[in-house]
**Student:** 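My questions all concern the structure below.
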Amino acid sequence: MPDTSPPIKSTFDNARLESYCQNLRDTLPIDKRNGRVLLVQIPQVMLDSFNREIALSRGYYTFPPTGLQYLHEAIKDRGVEVRILDLNYEFMQRVFEDPDFKITDWPQILEQVLDDYEPAIVGVSCLFDAGIQALLEVLRCVRKRNDAVVVSGGVIATYEWEKLLASNLGHFVIQGEGENKLNFLLDHLLDDSKGQTVTPGVFFDDGAGKTESSGAPDTVMIHGNLIDSYKTLPIEKYCHYGSLNPFSRSIDGPPISFAAIQFSRGCRAACTFCAVRDFMGKGVRHRSVDDLLAEIEYLYEQRGVRHFEWLDDDLLFYRDDIKTLLRAIIDKGWNLQWSANNGLIAASIDEELLGLIRDSGCIGFKIGIETGNEEMLRKVKKPGKHTKFLSFSRMLQGYPEVFVGGNFIIGLPEETFAQIMDSFRFALEIELDWSAVTVCQVIRGASAFSDSGEYFEHQMKSDGAVVKNFIPSRSSSHGHVSSVDVLSNLDIFKLPPHEEPSEEQAKEIWFAFNLIVNYVNNKNLMLGGRPEKFINWVRTAQRAYPTNPYMMLFLGLAYRVQGNDDEAQKCYHLAKSYVKSEYWVNRFKAFFLDELLTNFPENKEAVYESLNRISERQKVSCADWLALPRGSSPDDTLQK
């Protein structure tokens, strides 16, 4: 939302910006097109590994364009028409509704809108590396027309502004949060100036060299709601063409209408692997509870939204406000559900809050653990202690209805295999419903990757061709994890403790950890577990991996534990049909899963016995590790 504070007489020199904007007004049809603004969200899928079957299972993401919605709200009172084009939604809709649609033809959607709408100003945003290819394609498409002012923003543009300007892919690049900066720029591009306070962070090249606007440091104070911008979007239809994450997917029946909501921006932490603080600045800013409640009420009452996903990086920083909000949701009596897949800070959750989380409709959330190693936890500056995580896990026993997972990262900078093994051991020890293991990604703005300029440059030069997925199995259209010249399967436990695994090796470590922790040793497949929690999560997650045989096989085991023998047999036979390729035959044999295919358990007791037997066989490969406490490695024992 715009800065409504009274304008201050500026002592900053923005003469070059004023001159450049006037030149653009003289040469481009800005006034003729009545200053119409088009805000573009790019496709959110990695097109090189796109799988139509996954798309039709709603396994790809269709996040609403929340960032652009904030920009819409910020400039909506300027008297110009503002339109949001969500290319990701439009792309996924065509995949569903037109079997002849070629995914490489997605730029035609943009071309058609540019022809019909004739914008004077086009803003394009890109948050993640996976969108670099689409970002550059959109900018080239708009720029070649030479009939509109082109502005780019978001994380990628913030850190690559020089390359974007040098490549003539836009007139302006906005750094960091854009609400105030965009209004400041529009004061110069449009007839009607709103007296926006001058701000730095608007980059441009006026022919005399690349430069930046001048102004005092800018902080966006968020307030108000996104109702007006939601009125321009078919939000109730997003669920038909994709999802936000497994929490937002329905198991059976029609899809559940969803929306993303945000209470605050920023994070109290300064984790070295994360760019939130660098991009948004220090501290956490938040909207009022009343503003957010009005937005939820509109979406629930008037748009039929029933699932809400929190986008916040630090949702619980203002814990008392969140408690107030959750109490209000409970008092409203709404039949809604919500989740926080992005993760909550466990130290902020007390018994009272956990009860409110459950009673207000939460179906699940993650907590950020990141690593099971004490030294790495300090090194990455993650707020939290393993003793606190374990205490939190014990508190969860009184709230078994809520699905709770832990986020882990492997392959952190300078992380040794011994330190990674601490994450493996801690994931087994803490016994959450799920351990969401990802492979560390090099990202712009994170202090841990400040020396990765060559890698980032290669990303841009290759149009994003070297971008990797943080979930290795999502990097290919068939869901295989294929690594070259590294140890695989249970042989990964032979890695030297003090070796720093390569990127290729990290993918194999991920595969083994995920299978052993989340499937073979999942507490909800054991005596006293809640198999319905495993079923609900894996059934929805499996939509992104429609032919993954071990997911289907373990679903069969969960149904067997639950006593649903018909579904158990269906899953078992599907799993058998999926294990056809040499790849999966070898994987199953290596992890002793082949015995489940030849001798599928007939009752829940047999499931417990089979999984225990397989677990013990697998643990032979890492018995020397499991015999030691976290922080120790077999090498240490030998040296002693």
**Student:** Is Arg265 positioned over the aromatic face of Phe279, cation under 6.0 angstrom from the ring centre and no more than 45 degrees off axis?
**Tutor:**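 Checked: cation-pi criterion not met.
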**Student:** So, for Trp106 and Phe91, is the gap between ring centers shorter than 6.0 Å?
**Tutor:**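 Not close enough - the centres of the two rings lie 6.0 Å or further apart.
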**Student:** Taking all heavy atoms of Leu244 and all of Ala259, pick out the closest pair and write down the distance.
**Tutor:**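 Nearest pair, atom of Leu244 first, then Ala259: CD1-O, 4.0 Å.
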**Student:** So, Ser339 and Trp310: side-chain donor and acceptor under 3.5 Å apart, yes or no?
**Tutor:**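 No, no side-chain donor-acceptor pair sits under 3.5 Å.
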**Student:** Taking C-beta and beyond as the side chain, do Ile322 and Leu326 meet within less than 4.5 Å on heavy atoms?
**Tutor:**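 In short, these two side chains touch, coming nearer than 4.5 Å.
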**Student:** Using a 3.5 Å distance criterion without hydrogens, assess whether the side chain of Ser213 forms a donor-acceptor pair with backbone atoms of Val202.
**Tutor:**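 Checking the backbone N and O of Val202 against the side chain of Ser213, a donor-acceptor pair under 3.5 Å is found.
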**Student:** In terms of relative ring orientation, are Phe426 and His386 parallel, tilted or perpendicular, with 30° and 60° separating the classes?
**Tutor:**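 Taking His386 first and then Phe426, their aromatic rings stand perpendicular (interplane angle over 60°).
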**Student:** Can you check whether Lys181 reaches Asp218 side chain to side chain, under 4.5 Å on heavy atoms?
**Tutor:**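 Counting from C-beta outward, Lys181 and Asp218 do come under 4.5 Å.
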**Student:** Determine yes or no for a side-chain-to-main-chain donor-acceptor pair under 3.5 angstrom, with Asn14 supplying the side chain and Leu17 the backbone.
**Tutor:**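 Not at all, since once roles are kept as given, no pair shorter than 3.5 Å links the two residues.
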**Student:** Under the criterion side chain to side chain donor-acceptor pair (under 3.5 Å), which of Arg58, Arg249, Arg543 is the partner of Ser243?
**Tutor:**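 Of all the options given, the one that passes is Arg249.
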**Student:** Any chance CG of Asp331 has more than 12 other-residue heavy atoms, nucleotides or ligands included, within less than 6.0 Å?
**Tutor:**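 Yes, enclosed.
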**Student:** Is any side-chain heavy atom of Ser360 closer than 4.5 Å to one of Trp338?
**Tutor:**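 Sidechains of Ser360 and Trp338: in contact.
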**Student:** So, Glu177 versus Tyr70: side-chain donor-acceptor pair below 3.5 Å or not?
**Tutor:**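 Side chains of Glu177 and Tyr70: no pair found under 3.5 Å.
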**Student:** For Gln196 and Asp187, run side-chain hydrogen bond (donor to acceptor under 3.5 Å, both in side chains): C-alpha distance rounded to whole Å, both residues' side-chain angles, the deciding distance at 0.1 Å, then the answer.
**Tutor:** CA-CA 7 Å; Gln196 175 70 38; Asp187 270 356; over 6 Å; no
**Student:** Would you check if Arg268 and Ile345 make a side-chain contact, meaning some heavy-atom pair closer than 4.5 Å?
**Tutor:**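 They are in contact (side-chain heavy atoms under 4.5 Å apart), so the answer is yes.
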**Student:** With no hydrogens and no angle check, do the side chains of Asp278 and Tyr159 hold a donor and an acceptor under 3.5 Å apart?
**Tutor:**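 Their side chains do contain a donor-acceptor pair, which is all the 3.5 Å distance test asks for.
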**Student:** Are Lys385 and Ser391 packed together at the side-chain level, in the sense that at least one heavy-atom pair is separated by less than 4.5 angstrom?
**Tutor:**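 Answer no - side chains too far apart.
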**Student:** I want to check something: taking the side chain as every heavy atom from C-beta on, are Gln44 and Phe128 in contact at a cut-off of under 4.5 Å?
**Tutor:**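 With C-beta onward as the side chain, the pair stays apart.
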**Student:** Is there side-chain contact between Ile42 and Asn88, with heavy atoms separated by less than 4.5 Å?
**Tutor:**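 Side chain of Ile42 against side chain of Asn88, heavy atoms only: no contact under 4.5 Å found.
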**Student:** Salt bridge (charged side-chain N to carboxylate O under 4.0 Å, His left out), that's the test. Do Glu81 and Lys76 meet it? Break it down for me.
**Tutor:** CA-CA 8 Å; Glu81 186 179 353; Lys76 67 182 181 183; over 6 Å; no
**Student:** Under 3.5 Å, is there a donor-acceptor pair linking the side chains of Asn225 and Asp291?
**Tutor:**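 Not at all, the side chains of Asn225 and Asp291 share no donor-acceptor pair under 3.5 Å.
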**Student:** List the steps, then state whether salt bridge (charged side-chain N to carboxylate O under 4.0 Å, His left out) holds for Asp31 with Arg33.
**Tutor:** CA-CA 5 Å; Asp31 295 331; Arg33 295 183 173 185; over 6 Å; no
**Student:** Is any NZ, NE, NH1 or NH2 atom of the basic residue among Asp192 and Lys194 found under 4.0 Å from an Asp or Glu carboxylate oxygen of the other?
**Tutor:**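 Lys194 and Asp192: salt-bridged.
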**Student:** Carefully, step by step, assess Tyr241 and Glu97 under the rule side-chain hydrogen bond (donor to acceptor under 3.5 Å, both in side chains).
**Tutor:** CA-CA 10 Å; Tyr241 307 116; Glu97 298 181 357; 2.5 Å; yes
**Student:** Step by step, would you call Glu401 with Arg530 a salt bridge (charged side-chain N to carboxylate O under 4.0 Å, His left out)?
**Tutor:** CA-CA 9 Å; Glu401 306 89 346; Arg530 296 173 69 97; over 6 Å; no
**Student:** Judged by modelled atom types alone, do Asp312 and Asn342 share a side-chain donor-acceptor pair under 3.5 Å?
**Tutor:**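 On atom types as modelled, these side chains do not qualify, holding no pair under 3.5 Å.
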**Student:** Between Phe96 and His240, does the ring centroid distance fall short of 6.0 Å?
**Tutor:**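 They do not qualify: ring centres at least 6.0 Å apart.
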**Student:** Begin from the C-alpha positions of Phe204 and Val173 and carry the test side-chain contact (heavy atoms from CB on, under 4.5 Å) through to its verdict.
**Tutor:** CA-CA 7 Å; Phe204 58 96; Val173 176; over 6 Å; no
**Student:** Would you please test Tyr230 and Ile235 for side-chain contact (heavy atoms from CB on, under 4.5 Å) and show each step?
**Tutor:** CA-CA 7 Å; Tyr230 269 119; Ile235 189 61; 3.8 Å; yes
**Student:** Evaluate the side-chain contact (heavy atoms from CB on, under 4.5 Å) criterion for residues Glu309 and Ile261: first the C-alpha distance (whole Å), next the side-chain angles of each, then the deciding distance (0.1 Å), finally the verdict.
**Tutor:** CA-CA 6 Å; Glu309 175 68 31; Ile261 51 175; over 6 Å; no
**Student:** Between Trp537 and Phe403, is the gap from one ring center to the other below 6.0 Å?
**Tutor:**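 So the answer is yes for these two rings.
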**Student:** Of all heavy-atom pairs between Ser264 and Asp314, which one has the smallest distance, and what is that distance?
**Tutor:**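 It is OG-O, 3.7 Å.
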**Student:** Given side chains that start at C-beta, do those of Ile409 and Thr371 come closer than 4.5 Å, heavy atoms only?
**Tutor:**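 Not in contact.
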**Student:** Establish, from distance only, whether the side-chain atoms of Tyr399 and Glu351 form a donor-acceptor pair under 3.5 Å.
**Tutor:**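 There is such a pair (donor and acceptor under 3.5 Å, judged by atom type) between the side chains of Tyr399 and Glu351.
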**Student:** Could you check whether Asn341 and Lys366, counting side-chain N and O atoms only, form a donor-acceptor pair closer than 3.5 Å?
**Tutor:**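 Yes, Asn341 and Lys366 have a side-chain donor paired with an acceptor closer than 3.5 Å.
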**Student:** Just do the side-chain hydrogen bond (donor to acceptor under 3.5 Å, both in side chains) check on Asp116 and Gln112 with the steps written out, would you?
**Tutor:** CA-CA 6 Å; Asp116 295 343; Gln112 187 62 55; 3.1 Å; yes
**Student:** Check for a donor-acceptor pair, side chain of Arg25 on one end and backbone N or O of Ile30 on the other, with a separation under 3.5 Å.
**Tutor:**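 No; zero donor-acceptor contacts below 3.5 Å.
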**Student:** What is the minimum heavy-atom distance between Phe273 and Ile443, and which atoms define it?
**Tutor:**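 In terms of heavy atoms, the two residues are closest at O-CD1, 3.1 Å.
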**Student:** Just by distance, do the side chain of Thr158 and the backbone of Gly154 share a donor-acceptor pair under 3.5 Å?
**Tutor:**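 Judged by distance alone, yes, a pair lies under 3.5 Å.
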**Student:** Using a strict cut-off of less than 4.0 Å between a Lys/Arg side-chain nitrogen and an Asp/Glu carboxylate oxygen, indicate whether Asp350 and Arg319 qualify as a salt bridge.
**Tutor:**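 Here Asp350 pairs with Arg319 in a salt bridge, since their nearest N and O are under 4.0 Å apart.
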**Student:** What pair of heavy atoms forms the shortest contact from Arg303 to Glu236, and how long is it?
**Tutor:**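 For Arg303 and Glu236, the tightest heavy-atom pair comes out as NE-OE1, 2.6 Å.
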**Student:** Identify the heavy atoms of Val37 and Leu39 that sit nearest to each other, and give their distance.
**Tutor:**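 The pair with the smallest heavy-atom distance is CG1-CD2, 3.8 Å.
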**Student:** With a distance cut-off below 6.0 Å to the six-membered ring centre and an angular limit of 45° from the axis, does Arg306 pair with Tyr300 as a cation-pi contact?
**Tutor:**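 Yes, cation above the ring, under 6.0 Å and within 45°.
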**Student:** Starting from the C-alpha separation in whole Å, work towards a yes-or-no answer on side-chain contact (heavy atoms from CB on, under 4.5 Å) for Leu190 and Ile121.
**Tutor:** CA-CA 10 Å; Leu190 302 177; Ile121 300 165; 4.2 Å; yes
**Student:** Show the numbers, then the answer: is there a salt bridge (charged side-chain N to carboxylate O under 4.0 Å, His left out) between Lys533 and Asp433?
**Tutor:** CA-CA 8 Å; Lys533 295 176 81 173; Asp433 293 307; 2.9 Å; yes
**Student:** Does the Arg285 side chain pair with the main chain of Ile222, one donor and one acceptor, at a distance under 3.5 Å?
**Tutor:**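 No: the side chain of Arg285 does not pair with the backbone of Ile222.
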**Student:** Indicate yes or no for a side-chain donor-acceptor contact from Tyr318 to the backbone of Val284 under 3.5 Å, with no hydrogens or angles considered.
**Tutor:**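 Between the backbone of Val284 and the side chain of Tyr318 there is a qualifying donor-acceptor contact (under 3.5 Å).
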**Student:** For Val122 versus Ala148, what's the shortest heavy-atom pair and its separation?
**Tutor:**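 Nearest pair, atom of Val122 first, then Ala148: CG2-CB, 4.1 Å.
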**Student:** Can any side-chain N or O of Ser193 pair as donor or acceptor with the backbone N or O of Gly195 at less than 3.5 Å?
**Tutor:**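 The answer is yes, because a donor-acceptor pair under 3.5 Å joins these two groups.
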**Student:** Should the pair Arg539-Glu532 be classified as a salt bridge under the 4.0 Å nitrogen-to-oxygen rule?
**Tutor:**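 Salt bridge absent between Arg539 and Glu532.
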**Student:** With a 3.5 Å distance limit and no angle check, can you tell me whether Gln337 reaches the backbone of Ile363 through a side-chain donor-acceptor pair?
**Tutor:**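 No; zero donor-acceptor contacts below 3.5 Å.
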**Student:** Measure centre to centre between the rings of Tyr20 and Phe172, then say whether the value is under 6.0 Å.
**Tutor:**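 Yes: the rings meet the under 6.0 Å criterion.
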**Student:** Measure centre to centre between the rings of Phe258 and Tyr238, then say whether the value is under 6.0 Å.
**Tutor:**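 Centroid separation for Phe258 and Tyr238: 6.0 Å or greater.
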